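A quick write-up on the structure given underneath.
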Amino acid sequence: MSALAEWARTAPSDKFWLVTVIFCGLAAASLIAAIVFFYRKRLFEDLPTSKIRSAAMGYVEFDGIGELLEGPPITAPLTGSTCTWYDCHVEEKRSSGKNSSWVTIRKDLSDEIFLIRDDTGQCVVDPEGARVTPSVKHVWYGNTPLPQYPPGPASSKPGWKPSLPLGMGRYRYTEKRMHPGDPLYAIGLFRTEGGAGGNFDINEDVRELLREWKRDADAMLARFDTNQDGEICMEEWQAVRESAFKEVHKRHAEEKVSMPAHILGKTCDRRRPYILSALPEPDLVMRYKYFYRGGLLAFFVTGAFASWLIGLRLAG
């Protein structure tokens with residue numbers, strides 16, 4: 001400590017103030033992080049858990065199980081594992097002189113919808129924009145841009161060899177996943193689309209349909225150019241519009257008699273984060289409690305150190 005105190009008194013001004021500003025910045029960042037973590041912890045504690053069948057439209061909290069929709073399954077690109085959500089990236093170790101660093105060369109983030117189900121019903125989950133806490137995270141190494149080795153010491157797939165030891169290999173693979181059947185704790189914007197309660201903008205839908213038809217001009221001419229002059233005249237354009245209105249009305253009628261779809265998605269409000277977690281609520285609350293306390297501790301330590309350095313400098 002005596003050597004550090006002497007450095008604070010005698011170091012060149014530019015170096016001293018650079019170090020001091022860095023520690024002041026770390027203190028400010030730690031305080032901001034602590035506030036964010038505290039807010040998240042309170043959000044988890046204060047927002048009541050809703051049942052899907054009786055949930056009101058708006059910002060809600062669900063506690064259920066993740067499931068796949070009917071159809072082709074979602075598969076993680078690095079391991080081929082069936083999952084409800086994945087986040088994968090491949091890094092390459094590159095050297096420059098005596099230094100080396102990991103550079104991301106591939107990143108895949110799932111945006112495919114899946115289901116959350118509780119004992120009252122189910123809801124479609126759109127993971128775009130969500131902060132996800134996965135149930136599984138694997139990190140392993142290899143010598144090819146795409147893995148030929150599985151994560152872990154052994155593989156359930158024929159022909160796969162054990163992954164390379166930690167730190168070995170030119171490439172590092174990381175895959176995070178949530179699986180069908182995993183517990184799913186979710187906070188987000190709950191809305192209903194379709195069904196008798198759906199809201200429809202007829203004029204906007206007609207304009208969109210007309211734009212779609214115009215993109216295939218040959219098909220539109222073949223359908224509506226009754227005088228075969230290669231153009232859509234005013235009378236023919238009126239027929240185009242009438243046909244578009246009939247098509248839109250038909251679509252809206254079909255949607256009104258269909259079952260409504262419940263969807264959970266992002267809120268577009270930074271004060272109301274979109275959370276998907278394979279960890280249950282009590283575990284998330286405890287995790288953010290530790291994050292909050294760690295942020296406060298880092299704030300006091302870095303702030304006190306910066307203040308100590310400034311005090312020595314001014315006194316010296």
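What you see is a predicted model; the values in this text were computed from it and never measured.
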Please check if [X] and [Y] belong to a single hydrophobic cluster, counting links between Ile, Leu, Val, Met, Phe, Trp and Tyr side chain heavy atoms closer than 4.5 Å.
| X | Y | value |
| --- | --- | --- |
| L279 | V132 | no |
| F305 | F16 | yes |
| F224 | F245 | yes |
| L146 | V103 | no |
| F62 | L189 | no |

Nearest-0.5 Å distance that lies between atom [atom1] in [X] and atom [atom2] in [Y]:
| X | Y | atom1 | atom2 | result |
| --- | --- | --- | --- | --- |
| L184 | T133 | CG | OG1 | 10.5 Å |
| Y171 | I105 | OH | CD1 | 5.0 Å |
| L209 | W213 | CG | CH2 | 4.5 Å |
| L284 | K41 | CG | NZ | 12.5 Å |
| R177 | W85 | CZ | CH2 | 11.0 Å |
| R170 | E92 | CZ | CD | 4.0 Å |

Are [X] and [Y] close enough that some pair of their side-chain heavy atoms sits under 4.5 Å apart?
| X | Y | result |
| --- | --- | --- |
| L26 | I22 | yes |
| D216 | D218 | yes |
| I52 | R117 | no |
| W308 | L4 | yes |
| L276 | I116 | no |
| D283 | R287 | no |
| L115 | V124 | yes |
| I32 | F299 | no |

Tell me if a side-chain donor or acceptor on [X] pairs with a main-chain N or O of [Y] at a distance below 3.5 Å.
| X | Y | result |
| --- | --- | --- |
| E175 | L78 | yes |
| R313 | A11 | yes |
| D182 | H179 | yes |
| Y39 | R271 | yes |
| S243 | A239 | no |
| T267 | P273 | no |
| R53 | G121 | no |

* **Ionic contact status for E212 with R215, cut-off 4.0 Å** => no
* Asked: Which pairs, with at least one residue in residues 103-115 and sequence neighbours excluded, count as a side-chain hydrogen bond (donor to acceptor under 3.5 Å, both in side chains)?
  -> D87-K107, R106-D108
* To do: Sorted by first residue and then second, give each side-chain hydrogen bond (donor to acceptor under 3.5 Å, both in side chains) pair with at least one member in residues 54-63; sequence neighbours left out.
  =>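 Passing the test, one end in residues 54-63: T49-E61, E61-Y185.
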For residues [X] and [Y], report the shortest heavy-atom separation together with the two atoms involved.
| X | Y | value |
| --- | --- | --- |
| C88 | A76 | SG-CB, 4.5 Å |
| E67 | F114 | O-CB, 3.4 Å |
| P134 | A278 | C-CB, 3.9 Å |
| Y86 | I74 | CE2-CG2, 3.8 Å |
| L68 | P73 | CD1-CB, 4.0 Å |
| S277 | M178 | C-SD, 4.4 Å |

* Before giving the answer on side chain to side chain contact (heavy atoms under 4.5 Å, CB included), spell out for V19 and K15 the whole-Å C-alpha distance, their side-chain angles and the decisive distance to 0.1 Å. => CA-CA 6 Å; V19 171; K15 292 184 179 180; 5.6 Å; no
* Step through the shown structure and confirm whether more than 12 heavy atoms of other residues, nucleotides or ligands are within 6.0 Å of CZ on R191. => yes
* Kindly determine whether R40 and V36 satisfy side chain to side chain contact (heavy atoms under 4.5 Å, CB included), including the steps that lead there. => CA-CA 6 Å; R40 296 277 170 80; V36 171; 4.2 Å; yes
* Take M220 and K214 through the side chain to side chain contact (heavy atoms under 4.5 Å, CB included) test and state the conclusion after the steps. => CA-CA 7 Å; M220 191 167 73; K214 287 179 180 179; 4.2 Å; yes
* Can you pull the ring pair (Phe, Tyr, Trp, His ring centres under 6.0 Å) pairs that have at least one residue in residues 264-292, sequence neighbours excluded? -> F37-Y288, F37-F291, F38-Y292, F44-Y288, Y288-F291
* Asked: Do D119 and K51 pass the side chain to side chain contact (heavy atoms under 4.5 Å, CB included) test, and can you show the C-alpha distance, the side-chain angles, and the key distance before you say yes or no?
  -> CA-CA 8 Å; D119 55 0; K51 294 295 185 180; 3.1 Å; yes
